[in-house]
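Working notes for the structure below.
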Amino acid sequence: MAGNRTLTIIKPDAFGAGKAGKIIAHLEAGGFRVVAARVMHLSTAQAEEFYGVHRERPFFRSLVTFMTSGKCMPMILEKADAVAELRRAIGSTDPAEAAEGTVRKLYAESKERNAIHASDSDENATRESRFFFAEAGTL
Ligand code: ATP
Ligand code: MG
């Protein structure tokens, strides 16, 4: 059965531009509840570990530079079928291809500077929640 929690990050482009409040309001209006949240500036080592699955991709160094360029906002969100629902709510990786009304369509700048991250499986949601919130298992 699909889980009811997932991990999101408001990325440095959106956080730095003061869009965090609007994005959270948009997600709450879509039925998500914020379970945990923090504001932090990722180190290079943290960004490399978090996006480690993309280590061999040509955009990896640029992605790490972007993700360490300013503060970001990791959050655990709750909703029935949370992983699939949040992926739908954020839209395609490239905002040019994202559906109307999605977070990336509304707030992303480019395929790299695309405003928000969302876990892509229940397994990764659990792993990524623990990455940012040591207390995730008790929330
Ligand atoms: P995320 O994992 O951040 O939720 P995603 O699952 O939609 O995004 P991934 O394929 O996992 O997309 O890529 C991770 C991130 O790497 C993207 O969100 C984007 O910031 C960046 N990225 C992906 N593909 C490219 C690309 N071709 N050029 C530049 N940046 C890219
Ligand atoms: Mg991804």
Side-chain angles (χ1 to χ4, degrees):
M1 195 186 85
N4 64 348
R5 289 190 178 182
T6 191
L7 186 283
T8 190
I9 307 172
I10 298 176
K11 295 184 180 182
D13 58 329
F15 189 84
K19 297 174 180 171
K22 285 181 178 161
I23 291 173
I24 293 168
H26 183 85
L27 294 172
E28 287 180 330
F32 293 92
R33 192 174 72 86
V34 179
V35 174
R38 63 186 292 196
V39 173
M40 63 188 293
H41 195 141
L42 290 179
S43 69
T44 296
Q46 284 174 316
E48 287 175 349
E49 183 181 345
F50 185 80
Y51 278 120
V53 67
H54 295 311
R55 196 170 288 273
E56 305 304 324
R57 306 285 285 278
F59 58 81
F60 182 68
R61 291 267 45 108
S62 179
L63 174 60
V64 169
T65 298
F66 162 51
M67 289 301 295
T68 58
S69 65
K71 290 181 179 177
C72 67
M73 190 170 184
M75 296 184 282
I76 298 174
L77 299 180
E78 189 168 77
K79 184 181 182 180
D81 198 13
V83 167
E85 283 290 297
L86 188 63
R87 292 299 305 195
R88 191 189 53 72
I90 72 171
S92 301
T93 307
D94 185 343
E97 297 168 8
E100 292 296 331
T102 59
V103 174
R104 283 170 169 165
K105 182 71 173 186
L106 289 165
Y107 299 112
E109 297 175 20
S110 68
K111 188 168 187 178
E112 177 174 88
R113 298 171 63 84
N114 61 0
I116 191 164
H117 162 82
S119 306
D120 59 10
S121 67
D122 282 341
E123 183 185 359
N124 282 336
T126 299
R127 182 180 65 78
E128 294 173 1
S129 295
R130 290 193 178 130
F131 185 92
F132 291 113
F133 302 95
E135 73 279 28
T138 66
L139 295 170

The test is side chain to side chain contact (heavy atoms under 4.5 Å, CB included); show your working for Leu7 and Phe131 and say whether it passes.
CA-CA 10 Å; Leu7 186 283; Phe131 185 92; over 6 Å; no
Contact summary for Ala47 and Thr68, nearest pair of heavy atoms
CB-CG2, 3.8 Å
Answer yes if Phe32 and Leu139 sit in the same cluster of Ile, Leu, Val, Met, Phe, Trp and Tyr residues linked by side chain heavy atoms under 4.5 Å apart, and no otherwise.
no
Quick one: OH on Tyr107 to OG1 on Thr102, what's the gap to the nearest 0.5 Å?
10.5 Å
Verdict with reasoning, Ile116 to Leu27, per side chain to side chain contact (heavy atoms under 4.5 Å, CB included):
CA-CA 11 Å; Ile116 191 164; Leu27 294 172; 4.2 Å; yes
Return the orientation label for the Tyr51 and His117 ring planes: parallel under 30°, perpendicular over 60°, tilted otherwise.
perpendicular
Is Ile9 reachable from Phe60 through a run of hydrophobic residues whose side-chain heavy atoms are each under 4.5 Å from the next?
yes
Nearest 0.5 angstrom please: Gln46 CD to Glu48 CD, how far?
11.0 Å
Answer yes or no: is there a donor N or O on one side and an acceptor on the other, between the side chain of Arg38 and the main chain of Phe132, under 3.5 Å?
yes
In a table with atom names and distances, give each donor-acceptor pair under 3.5 Å that connects a side chain of residues 74-85 to protein atoms at least two apart or in another chain.
residue: Glu78; atom: OE1; partner: Arg33; partner atom: NE; Å: 3.2
residue: Glu78; atom: OE1; partner: Arg33; partner atom: NH2; Å: 2.9
residue: Glu78; atom: OE2; partner: Arg5; partner atom: NE; Å: 2.8
residue: Glu78; atom: OE2; partner: Arg5; partner atom: NH2; Å: 3.0
residue: Lys79; atom: NZ; partner: Gly30; partner atom: O; Å: 2.7
residue: Lys79; atom: NZ; partner: Glu85; partner atom: OE1; Å: 2.8
residue: Glu85; atom: OE1; partner: Arg88; partner atom: NH2; Å: 3.3

What are the two closest non-hydrogen atoms of Pro12 and Phe66, and how far apart are they?
CG-O, 3.5 Å
Passes side chain to side chain contact (heavy atoms under 4.5 Å, CB included), Met73 versus Ile24? Steps please.
CA-CA 10 Å; Met73 190 170 184; Ile24 293 168; 3.9 Å; yes
Closest heavy-atom pair, Ala14 versus Ile10, reported as atoms and distance to 0.1 Å, is CB-CG2, 3.8 Å
Please enumerate all residues that pass salt bridge (Lys or Arg N to Asp or Glu O under 4.0 Å) together with Lys105, with sequence neighbours excluded.
Glu100
Can you tell me how far the CD1 atom of Ile90 sits from the OG1 atom of Thr6, to the nearest 0.5 Å?
9.0 Å
CD of Glu128 to CD of Glu123, rounded to nearest 0.5 Å, is 10.5 Å
In short, Ala125 meets Ser119 closest at the heavy-atom pair CA-OG, 3.4 Å
Nearest 0.5 angstrom please: His41 NE2 to Met67 CE, how far?
10.0 Å
Heavy atoms of other groups near Arg130 CZ, more than 12 under 6.0 Å
no
Could you give the distance from NZ (Lys11) to CG (Asn114), rounded to the nearest 0.5 Å?
3.5 Å
Heavy-atom closest pair, residues Arg87 and Ala118:
NH1-O, 2.7 Å
Closest heavy-atom pair, Ala115 versus Asp13, reported as atoms and distance to 0.1 Å, is N-OD2, 3.0 Å
